[in-house]
Each structure stands twice: as structure tokens, then as C-alpha cells.
Amino acid sequence: MTAIVHRHRQQRRRYRPRHYAERPNLLEHYSNEELYARYRFGRDDITYICNILHPHLERATLRSHALTVEEQVLIALRFYACGSFFEVIGDGLAVTKSAVGHVVHSVSSALTNLLGQFVKWPENEDDMARTKRKFFSLGGMPNTIGVIDCTHVHIQAPHAREWEYVNRKGRHSINVQLVGNADLIVTNCVVRWPGSVHDARILRSSHLFQRFQQAAPDCILLGDSGYPLLPWLMTPFATVTNDSQQRYNSVHATTRGTIERLNGVIKRRFACLNYLRVEPQKACHVICACIVLHNIAQTRRVPLGAPIDGPPPCAEVPDPLPPPPLQPDGPAGRAVRNAMVNLYFST
């Protein structure tokens with residue numbers, strides 16, 4: 001009897017090989033147009049992204065049917081492009097919900113580490129002169145190196161310090177500061193502040209502010225009235241008293257519209273930025289990853305196209321609240337703005 005029981009237990013302990021679902025090769029399965037629609041990048045662009053992420057994502061072995069770098073990149077791009085649930089995205093690649101979540105966070109962290117490589121301030125005089133010429137050609141604003149603004153990325157209510165993330169419209173968000181150029185490329189960003197923090201405070205706490213305050217550059221940024229008027233940051237006139245100021249405001253609005261278009265392009269290209277169902281730290285990594293991918297797309301001239309697959313970008317809801325108070329004009333900034341108006345916008 002003992003032998004029979006022992007033999008039965010041995011049979012139950014017998015090794016049973018695990019069976020893995022066959023994952024399709026999506027780069028070969030889809031055409032280039034279908035790749036653009038589903039991942040916002042074509043075949044050559046996806047290969048380029050895989051190459052730069054290969055050192056960060058390559059697995060040491062193929063044990064347990066490990067995901068390749070290409071599969072990890074495609075999973076993350078699919079999430080960035082449509083912002084759907086992890087389980088829905090995993091169904092297309094025969095992977096589990098938990099695997100999709102792990103891949104999205106690992107790819108986002110890897111792209112965040114490359115932020116300094118792809119989000120760069122103009123490095124030399126030639127780059128700065130080229131940027132100034134492009135801005136001047138938009139509307140006639142001289143000596144402009146960039147436009148600055150903040151945009152809110154909505155997130156689910158976090159578990160810790162939830163009240164800090166409620167913006168003035170009553171939604172939980174991350175307030176993201178972006179500086180862009182005339183080619184709709186992000187040249188500087190700050191992605192870490194809760195939605196309740198004002199745009200001017202984010203600027204004052206940034207490295208860009210410290211850098212420009214310590215050594216006044218031979219260039220200016222353009223911002224809206226939510227920012228303070230500084231020698232290197234030009235805002236519009238709150239009260240117009242003559243035609244020269246009106247012309248300045250008109251040119252300022254035309255040129256500053258670049259940052260509005262940049263925000264719209266990023267959120268149209270990556271629908272996940274309409275609403276992120278993750279905690280704030282992981283949300284910041286996803287936002288940084290989308291900024292890096294946006295700059296890659298703009299540099300490689302990836303067509304934006306229509307959002308064929310995925311939800312459309314969220315339309316801005318009219319603000320029922322009064323606008324934030326205007327920042328006080330500093331005397332140094334007022335002097336620079338008046339000199340600019342007299343030199344370039346007076347008849």
C-alpha cells in the first residue's frame with residue numbers, strides 16, 4: 001500500500017512543461033500605414049526607437065519566454081498612442097495585464113533617462129540664430145528663443161496627498177511646464193509638479209529660471225500673463241494705451257501660439273495624456289517618455305495623421321472660474337519691453 005501511495009505522489013509531481021502563446025511579429029504583420037495608425041510611428045522609426053532603447057531593455061536570457069526589445073517597445077507605443085487599459089493592450093500581443101503594466105513602466109523609465117539627450121536647449125550661436133530667425137518669420141517678434149507655457153495632464157486621484165493634485169478646475173492633474181521652438185520641438189520641460197501649483201511658481205523653481213537670472217541671455221522667452229514680466233521673459237500688455245502696444249500684443253499672441261500648437265500635437269499624437277490611470281510618479285515617467293518620443297517624431301518628420309484608432313483628444317472645457325491673477329511687472333522687464341515696442345513696433 002505504501003508503494004502505491006508513493007508512486008501516485010511521484011506521478012502527481014511529474015514535471016509538466018509550460019505552454020506559451022505564440023506572439024505575432026507585428027512589424028511584418030502590419031503595413032506602414034497601419035503601424036502609423038496604431039503606434040504613431042512607421043517601421044523605420046520603430047526600429048530606430050528599438051535601437052536606442054536596446055541597452056536599457058534587453059533581457060539577459062530568453063528564460064520564461066521573455067519579451068524582446070521590439071515587443072516591449074510596441075506594447076509601450078500602443079499604450080501611449082491609445083491610452084487604453086493594460087488588459088486590452090495585452091490581448092493584441094498575447095501577454096498578461098501585469099506584463100503590459102511592467103513593460104510600460106520600464107520603457108517609460110528608460111525613455112525618461114534619455115530626456116537630456118533628446119530635449120536640449122540650443123547648444124551654440126548658430127542654433128540660437130536659426131531659432132530666432134524662425135520665430136521672427138512667424139509674426140515678426142525679434143530675438144525670441146522659445147515660448148513657454150504649462151499644460152495639465154489629468155490623472156486618477158492618487159492615494160497620497162490627493163488634495164495637492166486638484167487643479168483650479170477641480171480635476172486631478174500634473175502641471176507640466178514646456179518650452180518649445182518654432183519647429184514644435186520641446187527644448188526644456190519640468191514634469192513633477194501637482195496640478196494645484198501655479199505656472200509662475202513652477203518657473204521660479206526651475207533650473208531655467210536660475211540660469212537666466214544669473215546670466216541674462218541675449219534672447220527672450222514669450223509667456224502669457226500668468227508669468228511675471230522679466231528682462232528675458234516678455235508678456236503681453238494687460239492694458240493697451242496706443243497702437244504700438246496693440247501691434248506688440250498681436251505679434252506676441254501670434255508667436256506664442258506656437259506653444260499652444262505644440263501642446264495640441266503632443267496630446268493628439270499620444271492619447272494616453274488625456275487621462276493616466278497611474279500614480280503621480282509613474283505618470284511623470286509616462287509624460288517624459290511622450291515628450292522624448294514627440295521630439296523624435298518631429299526630428300524624423302513623422303506624420304501626425306488622424307487618430308484612426310483610439311479616443312480623440314479631450315476638448316478643453318470652457319473655464320467657469322475667473323483667470324488667475326496677473327503677475328506684477330518688474331521694472332527691469334518693463335524697461336526691456338518698452339524699448340522693444342519703441343524699436344520694432346512704433347510707426
Side-chain angles (χ1 to χ4, degrees), residues 119-151 177-190 198-200 202-204 206-265 295 298 323-347:
V119 179
K120 297 184 294 185
W121 197 253
E123 297 177 345
N124 50 55
E125 293 297 328
D126 291 338
D127 291 340
M128 295 186 70
R130 189 180 307 109
T131 301
K132 291 177 182 180
R133 286 196 300 270
K134 288 185 177 181
F135 271 119
F136 187 80
S137 66
L138 292 178
M141 182 64 72
N143 209 31
T144 303
I145 196 65
V147 285
I148 185 171
D149 198 8
C150 286
T151 184
Q177 176 181 285
L178 297 177
V179 179
N181 63 19
D183 295 322
L184 303 185
I185 292 176
V186 179
T187 56
N188 185 269
C189 64
V190 178
H198 192 272
D199 298 0
I202 297 177
L203 173 65
R204 288 194 301 269
S206 67
H207 294 295
L208 183 69
F209 181 88
Q210 302 300 329
R211 172 184 174 184
F212 276 27
Q213 286 290 90
Q214 292 174 2
D218 182 23
C219 58
I220 60 171
L221 294 175
L222 301 183
D224 60 20
S225 299
Y227 290 102
L229 177 63
L230 301 169
W232 48 269
L233 177 57
M234 294 291 103
T235 60
F237 286 94
T239 303
V240 175
T241 58
N242 54 56
D243 292 341
S244 298
Q245 294 179 0
Q246 180 61 49
R247 282 191 290 271
Y248 165 88
N249 273 10
S250 177
V251 172
H252 186 285
T254 300
T255 309
R256 203 191 68 82
T258 304
I259 193 65
E260 304 292 347
R261 294 194 297 274
L262 191 154
N263 289 334
V265 167
N295 278 5
Q298 290 298 112
L326 301 180
Q327 298 296 310
D329 293 345
R334 194 182 306 116
V336 173
R337 187 174 64 180
N338 290 337
M340 180 181 296
V341 169
N342 293 331
L343 184 60
Y344 294 100
F345 300 98
S346 60
T347 54

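Along the sequence shown, residues are numbered consecutively beginning with 1.
Taking the side chain as every heavy atom from C-beta outward, I148 and I259 never approach each other to under 4.5 Å. Taking the side chain as every heavy atom from C-beta outward, L222 and T258 never approach each other to under 4.5 Å. Residues H207 and N188 are not in side-chain contact: their nearest non-hydrogen atoms beyond the backbone lie 4.5 Å or more apart. Proximity of V147 to E260: side-chain heavy atoms (C-beta onward) are nowhere separated by under 4.5 Å. Residues I220 and M340 are in side-chain contact: their nearest non-hydrogen atoms beyond the backbone lie under 4.5 Å apart. The shortest distance between side-chain heavy atoms of I145 and L221 falls below 4.5 Å.
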Original post:
Can T144 and F136 be said to form a side chain to side chain contact (heavy atoms under 4.5 Å, CB included), step by step?
Top reply: CA-CA 7 Å; T144 303; F136 187 80; over 6 Å; no

**OP:** Take D183 and K134 through the test side chain to side chain contact (heavy atoms under 4.5 Å, CB included) and record every step on the way to the result.
**Re:** CA-CA 8 Å; D183 295 322; K134 288 185 177 181; 2.7 Å; yes

**OP:** Please lay out, stage by stage, how T254 and M141 fare under the test side chain to side chain contact (heavy atoms under 4.5 Å, CB included).
**Re:** CA-CA 9 Å; T254 300; M141 182 64 72; over 6 Å; no

**OP:** Could you check L230 against F209 for side chain to side chain contact (heavy atoms under 4.5 Å, CB included), going step by step and ending with a plain yes or no?
**Re:** CA-CA 10 Å; L230 301 169; F209 181 88; 3.8 Å; yes

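Nearest approach of N143 to D218, heavy atoms of both residues: OD1-O, 3.2 Å. The two residues M128 and P122 make their nearest non-hydrogen contact at CG-CB, 3.7 Å. Shown here for G223 and P236, the closest heavy-atom pair between the two residues is O-CD, 3.5 Å. For the residue pair V190 and S206, the shortest heavy atom distance occurs at CG2-CB, 4.0 Å. Heavy atoms only, all atoms of each residue included: N242 and V240 are closest at O-CG1, 3.3 Å. Scanning both residues, A182 and F135, for their nearest heavy atoms gives N-CZ, 3.4 Å.
A 6.0 Å sphere centred on OH of Y344 holds no more than 12 heavy atoms belonging to other residues, nucleotides or ligands.
Not one N or O on the side chain of R337 forms a donor-acceptor pair closer than 3.5 Å with the backbone of L233.
In this structure, L138 CG and R256 CZ are separated by 13.5 Å, a value rounded to the nearest 0.5 Å. One distance of note links CG of D199 with CZ of R204; it measures 10.5 Å at 0.5 Å rounding.
In summary, the side chains of S250 and R247 do not present any donor paired with an acceptor at a separation below 3.5 Å, with no hydrogens or angles considered.
Between S244 and the choices N342, V341, N338, the side-chain contact (heavy atoms from CB on, under 4.5 Å) rule is met once, by V341. Screening L262, V179, D224 for a side-chain contact (heavy atoms from CB on, under 4.5 Å) involving D149 leaves a single residue, D224.
Here Y248 pairs with F237, H252, F345 under the ring-ring contact (aromatic ring centres under 6.0 Å, His included) rule; sequence neighbours left out. Listed by chain and residue number, V119, I185, V186 satisfy the side-chain contact (heavy atoms from CB on, under 4.5 Å) test with N295 (two or more places apart in sequence, or in another chain). Under the rule for a side-chain hydrogen bond (donor to acceptor under 3.5 Å, both in side chains), Q246 has no partner lying at least two apart in sequence or in another chain.
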